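One structure is given below, encoded as structure tokens.
Letters go in sequence order (proteins before strands), and every chain restarts at 1. It should be emphasised that the depicted structure is a prediction, and the values quoted were computed from it without experimental measurement.
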Protein chains: 2
Amino acid sequence: MAITIKDVAKLANVSPSTVSRVISQSPRISDATKKLVYSAMDELKYKPNAIARNLANASTKTLGLIIPNQDENLFKNPFFIQAMRGISIYAQKKNYKIMFNYGASPEDELSFVHEFVNSKWVDGIILLTAYENDLCIEYLSEEAFPFVVVGRPYNIHDIMWVDNDNFQATYNLVNSLIQKGCQDIAFVGGPQKYIFSKDRLEGYKRALELRNLTVNKDLIIEAKDFTEEDGYQSMAKICAIKVPHAVVTTDDLLGFGVLKYLREHELNVKVTGFNNIPLSEYQNPALTSVDIKAEDLGYNAAKLLIKALEGVENTVNHYIVGTELVERESTL
Amino acid sequence: MAITIKDVAKLANVSPSTVSRVISQSPRISDATKKLVYSAMDELKYKPNAIARNLANASTKTLGLIIPNQDENLFKNPFFIQAMRGISIYAQKKNYKIMFNYGASPEDELSFVHEFVNSKWVDGIILLTAYENDLCIEYLSEEAFPFVVVGRPYNIHDIMWVDNDNFQATYNLVNSLIQKGCQDIAFVGGPQKYIFSKDRLEGYKRALELRNLTVNKDLIIEAKDFTEEDGYQSMAKICAIKVPHAVVTTDDLLGFGVLKYLREHELNVKVTGFNNIPLSEYQNPALTSVDIKAEDLGYNAAKLLIKALEGVENTVNHYIVGTELVERESTL
DNA sequence: CTGAAAGCGCTTACAG
DNA sequence: CTGAAAGCGCTTACAG
């Protein structure tokens, strides 16, 4: 039988209420009784039962995390583990726990969200991806259940989110290519169901426009998926039209495919990736990329959510994490 | 106010006890009342409060996971995310949840284990690394708290664990090198505080001995850490003695360092890594490596633990996951 | 097959 | 500053 608050109360000669107040650090308890209670707790090695507290408090101090399945990318791209680390670090500071589920499909993800909400297991939820018509976001909004999204959602009305400034990152990137003398700059982007795909494309276009360079639709490809193969094929399409001075891709794996094509055809074209995954450094040539600071994203997502849960008045409901351009051989 | 079992009972004109029995699928409830209760639950959109169930059942159907910090390796090596996926997949099948904490240091890890155990948050714990004198293992054993270790622990008495056969994997690897004509085979291993380091070294030695090849201590290096730099330095030391025909390393990052040294000195030596991280494929030359099937390790760890929790009589308390040798340019 | 009652281990409004 | 009592939302041995 486990030691309960009653055992402590008995030993300390006080009521269970008093013990409870000592645990929860209620201010109106005399120092004398506090000491009594503490020493009784020590003697019995008493540890509060978290589940009972949760029930009485109607709160679990736990965050729910949904990890989407992204196949290949899940392993090659340390985004999720880094984000989780950031989340975990902030949560630990505030004494929050984290519960996660790995969703094999968007339907899976939705059903886990349902479960998290219905079962009262968690106080708030962190979504690690935002889709175009995101059912999880829709459901959570309807239920008015606290949540935060890593990645700016489509309809940001009253939704908390954390993201990079994808528009700006790409804008700056293209600018720097222009400054290096590139004129024909191609773009290999990902599926437009992700809002960051759109943002990055916009940044690219705007940078060209402001320098009065024409935006050539033939040099813009929307890849089906973020794979090396897609990057390779995209580059083949582009080169069938025209060999550009540079290619901006919105994912490192796409960039790898582009590099592969260029190596095989012995073409000299500057290439950039996105996400700065460890593999980038090992490409031939090493791939210039944009570090999106995944750990910071996670950290700030947890921060935003926990502050909201604790009732801290948020002046803002979102947070922008800066990116860092890591230049390597592929653009030097 | 949330809908409770009482509301359902009232609407269905039965007692709360009956509703509870329907939820927990007790066999001795008439089909008639079952229907009544189910339709009442539907009408009210009743969802059981998991926390209350946990308290009454003294069980949370939750597993606790400790993710050790391994710096660099945490991001370059997808081991943890793969293992987590495997754990999550099995847990979901059995309706278990997973709670995790990322430990910044071994002390951190221990304090999280304490917390998991004391707070009654979890029914069992999965440790993702085993150290030589593992305080977590020691504590959990003393408390007789259910747990499983990924990686064979030192003292396996009564401990559940899941691992590859590191001895055999290295043994086979070295054998295949010998068959390719290699005689002088060097070994770059990791810190001996990890048991797999010892196992892999043993496998190497045994393979040589059985072929009557001498085990040359000068060709065996124990690196301080699993980094590229360590691999590079180790190779320098070895080559100062003698340039071998092949080098077996116990971690891909070490292998990368060895390759780097060989490239710089234009030496033709066969090299193997371990873990088969995505980067291996992209080395120059692509690195031969051993796939340790991290997802399977996680899956079987969860399986072992959950079976034990559910009181299924385990005939074995451990499970060996097969490895796969992935041959690439570096040994061809 | 079903219900009334006690219990899981906490918290907290109320009273003093 | 402290205690008795009711409550959080379930489960289950006991009785019928």
Roughly how many Å is it from CZ in B:Arg53 to P in C:dC10, rounded to a whole number? 21 Å
Measure from CD1 on A:Ile51 to P on C:dC10 and round the result to the nearest Å. 11 Å
Pairs under 3.5 angstrom, nitrogen or oxygen only, protein versus nucleotides 12-16 of chain D, please.
{"unit_1": "D:dA13", "atom_1": "N6", "unit_2": "B:Arg21", "atom_2": "NH2", "d": "2.6"}

In whole angstrom, give me the gap between the P atoms of C:dC14 and C:dC10. 24 Å
Strictly below 4.0 Å, N to O, side chains only: are A:Lys47 and B:Glu115 in salt-bridge contact? no
With a 3.5 Å cut-off and no angle check, do the side chains of B:Thr60 and B:Asn54 form a donor-acceptor pair? no
Determine the Euclidean distance between corresponding P atoms of C:dT11 and C:dA15; express it in Å to zero decimal places. 22 Å
Going by the side-chain contact (heavy atoms from CB on, under 4.5 Å) test, name the single residue among A:Val150, A:Ile137, A:Leu65, A:Ile67 that passes it with A:Leu127. A:Ile137
Can you measure A:Asn54 atom CG to C:dC10 atom P for me and round it to whole angstrom units? 11 Å
Base-paired stems in DNA chain C, each at least three Watson-Crick or G-U pairs under 3.5 Å: C:1-3 with D:14-16, C:5-12 with D:5-12, C:14-16 with D:1-3
Figure out the CG/C1' separation between B:Asn49 and D:dG7, and round it to whole Å. 14 Å
Figure out the CG/P separation between A:Leu55 and C:dC8, and round it to whole Å. 14 Å
Roughly, in whole Å, what's the span from CD1 in B:Ile5 to P in D:dC8? 14 Å
Just N and O in the side chain of B:Thr33: are any of them under 4.0 Å from OP1 or OP2 of C:dT2? yes
Hey, can you pull the residues of residues 35-43 of chain A with a non-hydrogen atom under 4.0 angstrom from DNA chain D? none
At under 4.0 Å between heavy atoms, what does A:Ile29 touch on the DNA or RNA strands: base, sugar-phosphate, or nothing? sugar-phosphate
Whole angstrom value for the distance that separates C1' of C:dC10 from CD1 of A:Ile23: 8 Å
Spacing of B:Trp121 atom CH2 relative to C:dG9 atom P, expressed in whole Å: 16 Å
